Colleague: 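Okay, handing you the structure first.
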Amino acid sequence: MRGAIASMAMTGMRALTVSLGLVEQPPPEQLAGGESHGRRRALVEVAHWGVGAAAGAVYGALPKAWRKRSWTGPLYGLAIWTGFEATAPLLGLPHANGGRPIERLAIAADHALYGFVLDETRSAPQG
């Protein structure tokens, strides 16, 4: 569940970075084959949240001693971003063809936010 919530936080940050012109096309839309609207857009977003939930489950399976460090979540998010950077050329995504440095930085930042939220929801009071 934490991974889905963290992905939702990414969605909010992406809405901001796209609106500011820092990101032209977010990775989920690139993976879906282009800009989407209406129900297709909703499906792309729900799929992204599902991927985030799965990645959150992987994070939850990491050793507890490693996860208790405050930097682990953001580092995990950046590791996911690095995986995207490495696979984008193999998938022929537009991002692989010389994306602007500011766009790459914005996408790295939203992945770091994903990891931060993923980690911080773990430490939220239970009760």
Side-chain angles (χ1 to χ4, degrees):
M1 186 69 163
R2 289 184 279 228
I5 293 167
S7 291
M8 291 173 189
M10 285 178 76
T11 298
M13 186 168 180
R14 289 233 177 105
L16 175 67
T17 58
V18 168
S19 295
L20 292 173
L22 301 175
V23 174
E24 288 182 32
Q25 188 179 44
E29 289 185 11
Q30 289 183 39
L31 290 165
E35 190 174 341
S36 53
H37 302 281
R39 289 179 190 219
R40 178 174 162 79
R41 174 73 187 122
L43 181 61
V44 168
E45 201 56 57
V46 168
H48 180 246
W49 296 347
V51 169
V58 171
Y59 181 78
L62 295 174
K64 189 173 185 175
W66 198 72
R67 286 183 287 125
K68 73 179 184 177
R69 295 181 175 95
S70 63
W71 49 265
T72 304
L75 184 65
Y76 183 75
L78 289 172
I80 293 170
W81 167 72
T82 302
F84 171 71
E85 287 289 324
T87 57
L90 301 172
L91 298 173
L93 299 179
H95 181 79
N97 299 325
R100 300 172 302 153
I102 191 70
E103 184 168 28
R104 283 193 150 89
L105 182 62
I107 293 171
D110 69 32
H111 280 80
L113 173 66
Y114 167 84
F116 177 78
V117 172
L118 182 66
D119 187 60
E120 284 303 305
T121 55
R122 171 197 48 78
S123 61
Q126 306 294 315

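Only a predicted model underlies this, so the values are computations on that prediction, with no experimental measurement involved.
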Colleague: For the pair W71 and W66, name the ring-plane relationship: parallel under 30°, tilted 30 to 60°, perpendicular over 60°.
Modeller: perpendicular

Colleague: Indicate, with yes or no, if L20 and M13 share a hydrophobic cluster defined by side-chain heavy-atom contacts under 4.5 Å among Ile, Leu, Val, Met, Phe, Trp and Tyr.
Modeller: no

Colleague: If only atom types and distance count, is the side chain of R2 paired as donor or acceptor with the main-chain N or O of G56 below 3.5 Å?
Modeller: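 No: the side chain of R2 does not pair with the backbone of G56.
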
Colleague: What donor-acceptor contacts under 3.5 angstrom involve side-chain atoms of residues 84-94, with partners at least two apart or in another chain?
Modeller:
residue: E85; atom: OE1; partner: R104; partner atom: NE; Å: 2.8
residue: E85; atom: OE1; partner: R104; partner atom: NH2; Å: 3.3
residue: E85; atom: OE2; partner: W81; partner atom: NE1; Å: 3.3
residue: E85; atom: OE2; partner: H95; partner atom: NE2; Å: 2.5
residue: E85; atom: OE2; partner: R104; partner atom: NE; Å: 3.4
residue: T87; atom: OG1; partner: G83; partner atom: O; Å: 3.0
residue: T87; atom: OG1; partner: F84; partner atom: O; Å: 3.3

Colleague: Ignoring hydrogens and angles, tell me if any N or O in the side chain of T11 forms a donor-acceptor pair with the backbone of S7 under 3.5 Å.
Modeller: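 Side chain of T11 to backbone of S7: a pair is present.
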
Colleague: Working to the nearest 0.5 angstrom, can you tell me the gap between R41 CZ and E45 CD?
Modeller: 4.5 Å

Colleague: In Å, rounded to the nearest 0.5 Å, how long is the span from CD1 of I80 to CG of L118?
Modeller: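 Going from CD1 on I80 over to CG on L118, the span is 7.5 Å.
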
Colleague: Please report the closest heavy-atom contact between A106 and L22, naming both atoms and the distance.
Modeller: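 That closest heavy-atom pairing would be CB-CB, 4.4 Å.
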
Colleague: Measuring from atom CZ of R14 to atom NE2 of H48, what distance do you get when rounded to the nearest 0.5 angstrom?
Modeller: 4.5 Å

Colleague: List in chain and number order the residues that pass salt bridge (Lys or Arg N to Asp or Glu O under 4.0 Å) with R100, two or more places apart in sequence or in another chain; answer none if no residue qualifies.
Modeller: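 For R100 the salt bridge (Lys or Arg N to Asp or Glu O under 4.0 Å) partners, ignoring immediate neighbours, are E24.
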
Colleague: Does one hydrophobic cluster hold both L78 and V58, with members joined at side-chain heavy-atom distances below 4.5 Å?
Modeller: no

Colleague: Enter the distance from M10:CE to D110:CG here, rounded to the nearest 0.5 Å.
Modeller: 4.0 Å

Colleague: What's the separation between atom CD in Q25 and atom CD1 in I107, rounded to the nearest 0.5 Å?
Modeller: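 The CD1 atom of I107 is 9.5 Å from CD of Q25, to the nearest 0.5 Å.
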
Colleague: Indicate whether any N or O donor in one side chain lies under 3.5 Å from an N or O acceptor in the other, for D119 and Y76.
Modeller: no

Colleague: What residues form a side chain to side chain donor-acceptor pair (under 3.5 Å) with T82, not counting sequence neighbours?
Modeller: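 Partners of T82 by the side chain to side chain donor-acceptor pair (under 3.5 Å) criterion come out as none, since no residue qualifies.
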
Colleague: Taking Y114 for its side chain and G52 for its backbone only, find out whether a donor-acceptor pair lies under 3.5 Å.
Modeller: yes

